[in-house]
Amino acid sequence: MNDLKRSLSEAAAAAFQAAGLSPDFGRVTASDRPDLADFQCNGALAAAKSAKRNPREIAVQVVEQLKADPRLASVEIAGVGFINMRVSPAALAARADEIAADERAGASLLEQPRRVLVDYAGPNVAKPMHVGHLRASIIGESIKRLYRFRGDQVVGDAHFGDWGFQMGLLITAVMDEDAFIAALMDKLPDAPRDFSDADAAKVRAEFAGRVTLADLDRLYPAAAARAKEDAEYRDRARKATADLQNGRFGYRLLWKHFVDVSRVALEREFHALGVDFDLWKGESDADPLIAPMVRQLEDKGLLVEDQGARIVRVARPGETKKKKLPDGSVIEVESPDPLLVVSSEGSAMYGTTDLATILDRRQSFDPHLILYCVDQRQADHFEQVFRAAYLAGYAQPGGLEHIGFGTMNGADGKPFKTRAGGVLKLHDLIEMAREKARERLREAGLGAELSPEAFEETAHKVGVAALKFADLQNFRGTSYVFDLDRFTSFEGKTGPYLLYQTVRIKSILRKAADQGAQGGAVIVAEPAERDLTLLLDAFEGALGEAYDKKAPNFVAEHAYKLAQGFSKFYAACPILGADDPAVRASRLTLAQTALKQLELALDLLGVEAPERM
Ligand code: ARG
């Protein structure tokens with residue numbers, strides 16, 4: 001089943017070919033003058049250039065061919081050789097029927113599905129989240145859903161930050177504060193020999209009462225601040241990190257406790273945001289692969305000594321950038337920077353973990369593609385990791401892709417924060433959005449007849465939709481300003497507007513069902529029926545673009561246009577009020593199909609509409 005754009009492109013390609021020209025010129029797009037045409041093809045201009053012929057003359061030839069196409073009501077040449085097409089009402093109706101009968105509302109499945117791993121959110125144990133994590137969660141969730149919907153086999157992994165220096169910091173801070181735990185650490189053996197699971201569970205039960213999530217939230221920022229000033233403290237934390245990574249048993253138990261406590265809390269918060277992972281692996285999971293990987297990199301001759309550290313050079317010969325030295329002089333250095341694999345202290349670094357994680361993923365899932373939905377600020381990091389992975393043969397060229405994005409900023413133009421001190425609490429953010437949503441609902445007189453629980457649920461959905469849609473409607477590379485008043489408005493290009501329209505269609509359809517009305521074959525007569533059908537047809541194109549560009553904004557845009565299109569259709573074309581039963585049935589089908597597609601699109605954005613409001 002093809003969308004009109006695709007099938008008309010095929011027809012145009014054949015027409016160009018018949019004129020002795022490359023079929024590639026037959027690309028058809030939606031018209032940018034909907035008052036004049038439904039679709040257009042500009043290929044005659046490019047074809048004329050390459051064949052050194054007159055564009056109009058080519059257009060005449062192509063149009064002659066296309067005129068025979070029964071689906072086209074008119075094919076005309078505009079200007080110097082643009083080809084404008086109008087689709088016949090019958091062809092539009094046939095397409096609408098097809099979409100109406102399709103469970104996927106007109107969206108095709110990929111011919112060659114792949115295994116794709118989406119690495120997104122990337123929260124850390126104890127270390128507070130920032131907007132980068134929020135956007136990564138929202139965008140990554142949407143990309144995961146989109147890829148899966150189109151037929152890829154997809155795994156979404158949270159890639160939990162559970163292995164770095166912050167773990168040593170926390171261990172140090174907890175031991176400093178709690179003499180009992182410090183003493184326990186001294187008592188425990190270095191390795192878990194002679195230590196049963198039951199013994200370990202007993203120790204962990206001690207932690208449970210003594211170190212809570214609130215403790216972690218409180219201890220981490222203080223420890224991080226102290227480590228910045230206090231060299232002795234920093235060294236202790238480094239030592240604790242190294243001991244943990246080298247397997248010190250007591251630390252491992254304590255660490256596991258931190259990981260569990262924060263994971264439970266984080267998963268709950270993500271879930272409230274409609275973000276759910278298939279896999280919750282941590283950086284630590286790649287740890288056992290690091291030592292053999294380092295040996296292998298060495299064997300491959302990729303590891304180079306550099307001032308006591310070991311690095312992989314990733315720049316190609318001649319790839320350099322200018323670097324300013326402290327004395328003011330400027331030198332040329334290789335670019336990208338080498339990947340630091342083993343620090344001079346012998347620790348594995350962030351990039352080391354990422355490289356080893358590629359190996360881990362290859363063993364477990366063997367993805368064709370790994371998408372890293374991570375803040376644009378980490379672009380250099382990924383460039384280094386990817387290049388090193390390609391050099392080592394850990395991934396096929398192109399099999400790793402960084403899906404970067406800009407920031408959500410506060411009114412001050414800096415990355416948004418919910419609390420003094422820069423802590424972004426997902427929980428607070430959602431609560432802020434929910435509170436605003438309650439206000440907005442009351443203002444608009446919505447949800448008044450709902451039970452208190454149902455009202456709360458609706459407010460939650462409206463709040464989450466507001467946050468997510470505000471993010472996803474922008475191309476991901478664009479930064480935007482956090483403005484909850486605008487995000488939560490029921491008017492304009494917002495999540496709440498989309499939910500409102502969705503609920504409205506649902507209520508129209510409920511009424512129709514109550515009256516026993518039935519859908520039927522689509523008839524395209526009124527301009528609004530035509531426009532709505534063309535919109536329904538455009539779903540496939542929007543999904544394709546979003547997929548290829550890894551950019552959910554194309555889905556968001558489609559959902560918005562569809563909601564608007566339905567609104568115009570409903571204003572112009574009464575459904576139950578139509579006199580002709582065939583027209584009534586047709587319009588009902590159009591409304592049902594619009595709803596199905598709108599809900600699918602919203603789901604791809606990670607947004608859920610309530611039944612009523
Ligand atoms: N935890 C990291 C951070 O907070 C993000 C992880 C992103 N994913 C990755 N594979 N490096 O910056």
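Everything numeric in this text was worked out from a predicted model, so none of it was measured. As the structure lists them, so they are numbered: ligands from 1, and atoms in each ligand from 1.
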Note to self: I'd like to know if Arg263 and Asp162 make a salt bridge, using a cut-off of under 4.0 Å between side-chain N and carboxylate O.
What the structure shows: no
Using a 4.0 Å cut-off to any heavy atom of [X], which atoms of ligand 1 qualify?
| X | result |
| --- | --- |
| Asp119 | 8 (N), 9 (C), 10 (N) |
| Tyr372 | 10 (N) |
| Phe382 | 9 (C), 11 (N) |
| Val374 | 7 (C), 8 (N) |
| Asn124 | 1 (N), 2 (C), 3 (C), 4 (O) |

What is the ring orientation for Phe539 with Phe149, classed by angle as parallel under 30°, tilted 30 to 60°, or perpendicular over 60°?
-> tilted
| Plane angle bin for Phe277 and Trp280 - parallel if under 30°, tilted between 30 and 60°, otherwise perpendicular | perpendicular
Check whether any N or O atom of [X], backbone or side chain, sits under 3.5 Å from an N or O atom of ligand 1, and answer yes or no.
| X | value |
| --- | --- |
| Tyr350 | yes |
| Gly122 | yes |
| His130 | no |
| His381 | no |

Within reach of ligand 1, part of [X] (heavy-atom separation under 4.0 Å):
| X | result |
| --- | --- |
| His133 | side chain |
| Trp163 | neither |
| Asp354 | side chain |

Assess whether side-chain contact (heavy atoms from CB on, under 4.5 Å) is satisfied between Phe405 and Asn474, documenting all intermediate values.
CA-CA 10 Å; Phe405 44 82; Asn474 306 292; over 6 Å; no
> Yes or no on side-chain contact (heavy atoms from CB on, under 4.5 Å) for Leu216 and Val211, after CA distance, side-chain angles and deciding distance?
Replying inline: CA-CA 7 Å; Leu216 296 185; Val211 185; 3.8 Å; yes
Notebook entry, point to check: Would you say Phe160 contacts ligand 1, with heavy atoms under 4.0 Å as the rule?
Noted result: no
* To do: Could you go through the side-chain contact (heavy atoms from CB on, under 4.5 Å) check for Arg148 and Arg145 one step at a time?
  => CA-CA 5 Å; Arg148 185 168 288 153; Arg145 292 177 184 218; 5.8 Å; no
If you compare His159, Gln378, Lys127 by their heavy atoms, the one closest to atom 9 (C) of ligand 1 turns out to be His159
Leu289 and Ala356 have their tightest heavy-atom pair at CD1-O, 3.7 Å
Does the gap between the ring centers of Tyr547 and Phe554 come in under 6.0 Å? no
Subject >> Phe258/Phe207 aromatic ring centres below 6.0 Å >> reply: no
